[in-house]
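Each chain gets a letter, A, B and so on, in the order the sequences are listed, and its residues count up from 1.
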Amino acid sequence: MDLSAINPILLVASIMVSATPILLAALGEMVVEKSGVLNLGVEGMMITGAVVGFVVAVASGLPVLGFVAGALAAAVLSLSFGVLTQYLLSNQVATGLGLTMVGLGLSALIGKPYEGVKAPTLPKLDLGPLSDLPVVGRMLFSHDVMVYLSLLLVVAVWAFLKFTRAGLILRAVGESHDSAHALGYKVVRVRMAAIFFGGACAGLGGAYLSLVRVPQWTEGLTAGAGWIALAIVVFASWRAGRVLVGAYLFGGITVLQLNLQAAGAQVPVALLSMSPYLITILVLVLISARGVHGAPASLGRSFHASH
Amino acid sequence: MNRRTLLASAALAMSLGGAALAQDTTKACFVYVGPIGDGGWTYQHHQGALAVQEAYGDKVEIAWQESVPEGADAERVLTQMALSGCNIIFTTSFGYMDATNAVAAKFPDIKFEHATGYKREHPNVATYDARFYEGRAVLGHIAGKMTKSNKIGYIASFPIPEVIQGINSYYLHAKKVNPDVELVVTWAYTWFDPSKEADAARAMIDQGVDVIAAHTDSTAPLGEAAKENGAVIGFGQASDMAAFKPSPRVASIIDNWAPYYVKRVGAVMDGTWEQGASWAGMPEGEVVIGEITEAVPADVKAEAEAMIAAITAGEYHPFTGPINKADGSAWLAEGEVADDGTLAGMNFYVEGITAEIPN
């Protein structure tokens, strides 16, 4: 075993890149769930974002355009979920699962001609003197723009939910849609907006996978990342800061165990891979033992003005 | 369609299947562990299926199902296929082993062919495999010659004999041409997960590995290697992965299932199908080395080609003694060649690999 082979600077850099897709998706899903909607279609939206982002980036040669298109495509797809659950009052769990299946199938169809094609990838951002700093320069200041955007988004979502009136309304809708309705807020409209935002974030995460993380398209590219994002939201007990911690923890454990293996350490791989989920369960137990649920009270319940 | 009509139509399909048999149409079915678009393992099996269609035209009908999880779900899918009139079913991943035998017991008239396994519990179950280690030997030779850091990597999937043969063969032949070479093995515990495969490649590159072979199915490790601007090379796995030519993909190991599939479906058609355990390799054309690109120096390329010729002609066996096991005990004496039984159950590393095989 030679642990000195692991370079902590490169390890942190690699964790940040590895965690960005699930961070984006989880952040979006957290906002959706804060508004009282449970959208289990994250995987489907992510992979749609991945394939559309890839196709557009290849066609235009502009990765940035790919990200925009991926986000838009996933957001539009999520609107179909919104219409079904918010206007036609379909079951959110079933519709969300359906959305995942639609996304997987649709992406396979769209992506067929693009297998084996190489995409233009996002260049590393040149932060001038910051990137040249010893240690932190390579660790923190030599990433592509999406890594920083995802971190900014965490701060923005946190500030939005905590300090703005619109954030308060969104939370009110998620806690008690009847009260929010009685106060004159448009429950369905707020939720549609949240769903749209969640879709866009999942699409960005997917596009990050296909354009930066694994810069290529293969069918089934996301391989369960969307489900991990859902677990992170629960782990984070619906708080933006903890979503960041969760995403880096989930992404970090994978990277860490592979690095430990490459260094020749005898680690129980199965145990390490399991640990984020064990921690999630532990967090859930702690939350319920404390008697304070982090979950929005109206989560997963349909709303209709006549009820 | 409710369950009852589903069953009824399945029964109908079965009787139609019987009728179809009388009309000389044979139905060959394939179960895939990943999507056809993986560009690797499953893609190659599907090419084999298409070759069957090509060879027999109207006389054969092919059907397949992609991304079937290994485990309980596989049994359900296999039963459904058996009910839908398949005459021969190819299950194309190691993890389908028990499901294949369980379903075969219930349908004695249907032939089952299981890839890379060793259980043949019923007379209608055959197994087939390819001697991938023959190809790995060639890749190992190239890796040993090409590495500058003397650290070569192997992204392994699951600790099963097929993978361990590959690791040993790759290492032995790298070591033969470069005594200082060190092998780094990482277990991904998956056949197909592009981001995890990329993460594994990244972890090894960060630790100074500059030649990466993969035993997982996607092109992601090559994608990760490509980010290093030529400093890191790798190999196409299962399929040619030509998009990454000339570098980082400097060569590839290709599984060519077509000859076997055509032969076995043909045997079902003329009634000569028999249980067997096929293990073909380079001589039969089942394991092929794809184009060695110009990124490899001409002398190394010539040596690799000489090795391919020797293995194909049956003159050279990649596991020829003297070889010791990792624990230092003797395995093969000078000039001794490994027997198939030991290879098929291989559960040890050869001397020089310092890691341990996980349980």
Side-chain angles (χ1 to χ4, degrees), chain A residues 1-11 13-15 17-18 21-22 50 104 107-108 111-119 121 124 208-210 212-225 228 251 254-270 273, chain B residues 34-40 42-43 66-67 151 153-156 159 182-209 212 217-224 226-227 236 239-244 353-359:
Chain A
M1 173 161 78
D2 180 19
L3 284 182
S4 62
I6 300 179
N7 182 339
I9 298 169
L10 294 179
L11 182 70
S14 148
I15 287 174
V17 172
S18 175
I22 45 177
L104 288 172
S107 65
K112 210 79 202 164
Y114 290 88
E115 279 157 6
V117 176
K118 277 197 236 173
T121 188
K124 301 238 182 287
Y208 191 80
L209 267 178
S210 66
V212 182
R213 187 75 213 84
V214 193
Q216 56 189 300
W217 168 251
T218 15
E219 207 179 313
L221 181 77
T222 47
I228 292 176
T254 315
V255 172
L256 181 68
Q257 64 103 340
L258 289 167
N259 265 286
L260 283 173
Q261 280 198 58
Q266 296 299 333
V267 284
V269 174
S273 307
Chain B
I36 291 169
D38 68 354
T42 295
Y43 176 80
E66 300 173 69
S67 300
K151 276 179 107 172
Y154 198 104
I155 301 174
E182 187 194 331
L183 178 70
V184 172
V185 181
T186 47
W187 297 91
Y189 285 96
T190 178
W191 289 112
F192 179 80
D193 181 344
S195 14
K196 196 165 188 192
E197 293 169 45
D199 280 339
R202 170 54 46 194
M204 294 202 281
I205 294 170
D206 282 351
Q207 295 188 23
V209 170
I212 295 176
D217 298 350
S218 89
T219 48
L222 284 174
E224 199 64 34
K227 290 179 185 169
S239 188
D240 195 33
M241 304 190 174
F244 294 91
I353 303 181
T354 48
E356 269 170 50
I357 299 173
N359 307 315

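- Residues Leu258(A) and Ala200(B) come closest through the heavy atom pair CD1-N, 3.5 Å.
- Of the atoms belonging to Glu66(B), it is side-chain heavy atoms, and not backbone ones, that fall under 4.5 Å from chain A.
- The choice from Arg202(B), Lys227(B), Met204(B) that makes the most heavy-atom pairs within less than 4.5 Å of chain A is Lys227(B).
- The closest side-chain donor-acceptor pair between Asp199(B) and Thr254(A), if any, does not fall under 3.5 angstrom.
- A heavy-atom distance below 4.5 Å is not found between the side chains of Glu219(A) and Phe192(B).
- The most heavy-atom pairs under 4.5 Å with chain A, out of Ala220(B), Ala355(B), Gly223(B), come from Ala220(B).
- In terms of non-hydrogen atom pairs under 4.5 Å with chain B, the most contact-rich of Val17(A), Thr222(A), Leu221(A), Leu209(A) is Leu221(A).
- Residues Ala223(A) and Pro194(B) share a closest heavy-atom pair of CB-CD, 4.4 Å.
- When each of Val184(B), Thr186(B), Asp193(B) is scored by its heavy-atom pairs under 4.5 Å with chain A, the top score falls to Thr186(B).
- Across Leu10(A), Leu256(A), Ile9(A), the residue that shares the most heavy-atom pairs under 4.5 angstrom with chain B is Leu10(A).
- Enclosure of atom CZ in Phe244(B) by more than 12 non-hydrogen atoms of other residues, nucleotides or ligands within 6.0 angstrom is indicated.
- Looking only at distances, no side-chain donor or acceptor of Lys196(B) sits under 3.5 Å from a matching main-chain atom of Val255(A).
- Of the two parts of Glu224(B), only the side chain, counted from C-beta on, holds a non-hydrogen atom closer than 4.5 Å to a non-hydrogen atom of chain A.
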Exercise. How far apart are the C-alpha atoms of Asn259(A) and Gln207(B), what are their side-chain angles, what is the distance that settles it, and do they pass the side-chain hydrogen bond (donor to acceptor under 3.5 Å, both in side chains) test?
Worked result: CA-CA 8 Å; Asn259(A) 265 286; Gln207(B) 295 188 23; 2.9 Å; yes
